[in-house]
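First comes the structure, then the notes that go with it.
For the single chain, residues carry numbers from 1 onward in sequence order. Scope of the values below: all heavy atoms of this structure, side chains included, with no hydrogens, waters or symmetry mates.
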Amino acid sequence: MDASLILQYSWVLLVLVFLEGLLAADNAVVMAVMVKHLPPEQRKKALFYGLLGALVFRFISLFLISIIAHFWWIQALGALYLIYMSIKNLVDFFKSKDSHEQESGDDHHYDDDGTEKKASPKEFWGTVLKVEFADIAFAIDSMLAALAIAVTLPKVGIHFGGLDLGQFIVMFLGGMIGVVIMRFAASWFVNLLNKYPGLEGAAFAIVGWVGIKLVIMVLAHPDIKILPESFPHTALWQSIFWSVMILLVIIGWLTSLRKNKKNNQ
């Protein structure tokens, strides 16, 4: 293989790993806030199933990406689910905010004698199911973003999985590395949310914002054409998207610091 071709593929893979890492962090935040209410032991199991689902759905999306990219309504369903989940959980979060003002950490997961409470099978598997649906939406977002970058690479002339083999390998490696990053990020986010509960509201808002991102991609789809097809990949939209993401994190962080200070007083 030509040295310049190897250099192009290496650079795009590096960019894709960075992008997938950011998307994996979003997915990890969602898993963290959705399993946070479970006792520690069941939480670990739910995270395991969530990570397994993220791996499986990204792998499936990789093979079906040509279909997903063609049918805009698949992307729209993912967007609607994330927005619905964001709004519902934000409403529940603010409703229960006052009644849980004094709760923190994992104390409410234990009985007075120190034994761990367990969520009912219905609650546990219901949580796992919600996480898996979110994984599907994020897998679509992840692979569409990867496709937009991978198709800029020169083709090697061998087709596999509906894509050029070279492009397929780059997308596969980027997606799998993203899942590895998610593996460590999810547990870290759970601990962070326990320490700074105010970030939970910001996390739910981030879920909705990612849903809006998918809406933008739908509006720019060739079959819709409400927005220019190139708009989701422009510097303007990327700047808006990441600026809002950072702003939501800052707001959540400041809210948490204020709440922790109030509880300490």
Side-chain angles (χ1 to χ4, degrees), residues 17 19-62 78 81-82 84-86 88-90 92-93 96 100 103-111 115-143 174-211 245 248-249 252-253 256:
V17 167
L19 175 63
E20 290 293 338
L22 293 174
L23 294 174
D26 292 341
N27 204 161
V29 168
V30 173
M31 284 195 290
V33 295
M34 293 182 80
V35 305
K36 181 176 175 286
H37 67 283
L38 295 173
E41 193 60 36
Q42 287 182 309
R43 185 189 303 158
K44 290 179 183 178
K45 291 181 180 179
L47 282 176
F48 170 77
Y49 289 125
L51 290 165
L52 182 61
L55 176 64
V56 171
F57 292 131
R58 272 167 171 72
F59 195 69
I60 292 174
S61 296
L62 183 58
Y81 178 72
L82 290 180
Y84 163 77
M85 186 172 62
S86 172
K88 182 181 182 300
N89 284 288
L90 277 173
D92 292 341
F93 173 75
S96 62
H100 292 85
E103 287 188 7
S104 62
D106 291 330
D107 293 344
H108 60 290
H109 291 308
Y110 294 90
D111 290 318
T115 58
E116 182 181 283
K117 296 178 182 177
K118 284 192 175 183
S120 66
K122 181 179 179 181
E123 182 183 3
F124 173 77
W125 289 110
T127 298
V128 171
L129 188 62
K130 291 177 183 177
V131 171
E132 300 301 350
F133 276 124
D135 282 339
I136 293 173
F138 276 99
I140 292 172
D141 183 29
S142 171
M143 288 300 104
M176 295 307 105
I177 291 174
V179 173
V180 172
I181 294 173
M182 197 189 312
R183 159 66 181 84
F184 296 99
S187 297
W188 183 77
F189 278 125
V190 168
N191 294 331
L192 190 66
L193 289 170
N194 281 326
K195 189 174 181 181
Y196 300 100
L199 285 174
E200 189 170 344
F204 288 134
I206 288 172
V207 173
W209 185 234
V210 174
M245 286 279 281
L248 289 173
V249 172
W253 184 265
S256 292

inquiry  = Using the ring pair (Phe, Tyr, Trp, His ring centres under 6.0 Å) criterion, which residues pair with W125? Sequence neighbours excluded.
reply    = Y49
remark   = Residues V131 and M34: closest non-hydrogen pair is N-CE, 3.7 Å
Heavy-atom side-chain contact between F57 and I140 under 4.5 Å = no
key: Partner residues of D135 under the salt bridge (charged side-chain N to carboxylate O under 4.0 Å, His left out) criterion, sequence neighbours left out   = none
query = Can you find a pair of side-chain heavy atoms, one from F48 and one from K44, that are under 4.5 Å apart?
reply = no
ask   = Would a 4.5 Å heavy-atom cut-off, applied to side chains only, mark F124 and K45 as touching?
value = yes
message = Please find the pair of heavy atoms, one from L90 and one from G201, that lie closest to each other, and give the distance.
response = CD2-O, 3.4 Å
inquiry  = Contact between L55 and M176 at the side-chain level, heavy atoms closer than 4.5 Å - yes or no?
reply    = yes
task = Output the distance between atom NE2 (H37) and atom CD (E123), rounded to the nearest 0.5 Å.
result = 4.0 Å
ask   = Do I206 and V249 have side-chain heavy atoms sitting under 4.5 Å apart?
value = yes
inquiry  = Return the CG to NZ distance between L47 and K36, rounded to the nearest 0.5 Å.
reply    = 13.0 Å
key: Shortest non-hydrogen contact from L82 toward A137   = CG-CB, 3.7 Å
query = At their closest point, which heavy atom of Q42 faces which heavy atom of A119, and how far apart are they?
reply = OE1-N, 2.6 Å
request  = Check R43 against L38 and note the closest heavy-atom contact, atom names and distance.
outcome  = NH2-O, 3.2 Å
request  = Locate the shortest heavy-atom distance separating G53 from E132; write the atom from each residue and the value.
outcome  = CA-OE1, 3.1 Å
ask   = Within a radius of less than 6.0 Å around CZ of F133, do more than 12 heavy atoms belonging to other residues, nucleotides or ligands occur?
value = no
task = Report the residues that fulfil side-chain hydrogen bond (donor to acceptor under 3.5 Å, both in side chains) with S86, sequence neighbours left out, ordered by chain and then residue number.
result = none
